[in-house]
Every structure is written in structure tokens, then in C-alpha cells.
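A short write-up of the structure that comes next.
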Amino acid sequence: MASLNVGNLGEFLREQRRQAQLSLRQLADAAGVSNPYLSQIERGLRKPSAEILQQLAKALRISAETLYVQAGILDERDRGEVETRAVILADPSINERQKQVLLQIYESFRKENGLGADPDAGHGEPSPSTN
């Protein structure tokens with residue numbers, strides 16, 4: 001079996017579906033997948049792609065990153081950063097320029113604290129030097 005943790009993913013999906021008060025059919029319809037396929041995912045018999053997980057997350061109104069962690073696609077330690085970025089990008093009360101500025105500030109703080117190892121995150125801007 002692949003590294004995907006399909007058993008826990010299925011249990012997690014079932015619980016999320018129940019909390020959302022959706023039937024299996026309703027979630028399958030909302031996510032654009034078949035009833036039998038969703039049932040197999042919930043029972044841990046199928047390994048959904050990242051795209052299917054994203055569709056399920058959207059239908060459940062949860063972050064796709066949450067499902068990626070459950071499926072073993074995304075490491076738990078990366079989850080906080082990914083969710084923070086997702087919240088910033090999804091906020092309708094700020095414009096795109098403001099979102100990008102917030103992301104740059106966030107990444108600069110992560111780098112300052114020794115957490116931001118993403119070479120593309122700084123967009124080539126020099127960091128302030130300290131004397």
C-alpha cells in the first residue's frame with residue numbers, strides 16, 4: 001500500500017460529512033464524485049488524488065490542506081504555514097495587493113525565526129542586515 005493513510009482519511013471524511021449533516025449521496029454530488037467511489041474512500045479501500053481531496057474539502061467547507069495531512073500528502077508540520085496562507089488568500093475583506101504584502105511579511109517573520117526555508121518566498125528581496 002502507498003504511503004497514504006487511507007484508513008484514517010476515510011474515518012475523518014465520514015466524521016466531517018456527519019458533522020456537516022450530509023448524506024453520502026449529497027457529499028458525492030457536491031464534490032462531483034460517484035456514490036460508490038466516495039463510499040470506498042470512507043471505508044479506506046480507495047486512495048483519492050489530491051484533486052479529489054480538494055473537491056471533497058470544498059464540498060465539506062474545510063481546508064484541502066486538512067485532508068492532505070489526513071491522507072499523508074502534506075506533513076503535519078507544514079500544515080500551520082499552509083493554513084495561514086490559505087486564510088490570508090481567502091479573506092474577502094482585503095484586496096490582492098494587501099494579501100501579497102501580508103504573505104511577504106509573514107514569510108519574513110518565518111525566516112527571521114529560522115522557519116522559512118522556501119527560496120522562492122522572498123521573491124529575491126534582500127533581508128535587512130543587522131549590525
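- Qualifying side-chain hydrogen bond (donor to acceptor under 3.5 Å, both in side chains) partners for S49, counting only residues two or more places apart in sequence or in other chains: none.
- With sequence neighbours excluded, the residues forming a side-chain hydrogen bond (donor to acceptor under 3.5 Å, both in side chains) with Q26 are S23, listed by chain and number.
- Looking at residues two or more places apart in sequence or on another chain, you find no side chain to side chain contact (heavy atoms under 4.5 Å, CB included) involving R61.
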Pairs under 3.5 angstrom only: tabulate donor-acceptor contacts from the side chains of residues 32-41 to other protein residues two or more places apart or in another chain.
unit_1, atom_1, unit_2, atom_2, d
S34, OG, Y37, N, 3.2
N35, OD1, R25, N, 3.4
S39, OG, R43, NE, 3.2
S39, OG, R43, NH2, 3.4
Q40, OE1, R46, NH1, 3.1

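- Of all non-hydrogen atoms in L9 and Q70, the two that sit nearest each other are CD1-CB, 3.9 Å.
- In this structure a side-chain-to-backbone donor-acceptor pair under 3.5 Å is present from Q98 to N95.
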Distance-only donor-acceptor pairs under 3.5 Å for side chains of residues 51-60, two or more places apart:
unit_1, atom_1, unit_2, atom_2, d
Q55, NE2, A31, O, 2.5

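- Cluster annotation: F109 and L102 are assigned to distinct hydrophobic clusters (Ile/Leu/Val/Met/Phe/Trp/Tyr, side-chain heavy-atom contacts under 4.5 Å, transitive).
- Closest non-hydrogen pair, R17 versus L27, comes out as CD-CD2, 3.8 Å.
- The side chain to side chain contact (heavy atoms under 4.5 Å, CB included) test applied to V87 returns no partner, not counting sequence neighbours.
- Looking at E96 and K99, a side-chain N of the basic residue comes within less than 4.0 Å of a carboxylate O on the acidic one, giving a salt bridge.
- To the nearest 0.5 Å, atom CD of residue E11 and atom CZ of residue R14 are 7.0 Å apart.
- By the criterion of side-chain heavy atoms lying less than 4.5 angstrom apart, applied directly or through intervening Ile, Leu, Val, Met, Phe, Trp or Tyr residues, V101 is not grouped with L103; the two fall into different hydrophobic clusters.
- Connection of F12 to L24 is established within a shared hydrophobic cluster, with ILVMFWY side chains joined at heavy-atom distances below 4.5 Å, either directly or through further cluster members.
- Between the CD1 atom of I94 and the CD1 atom of I88 there is a distance of 7.0 Å, given to the nearest 0.5 Å.
- Looking at residues two or more places apart in sequence or on another chain, you find a side chain to side chain contact (heavy atoms under 4.5 Å, CB included) between E15 and Q19.
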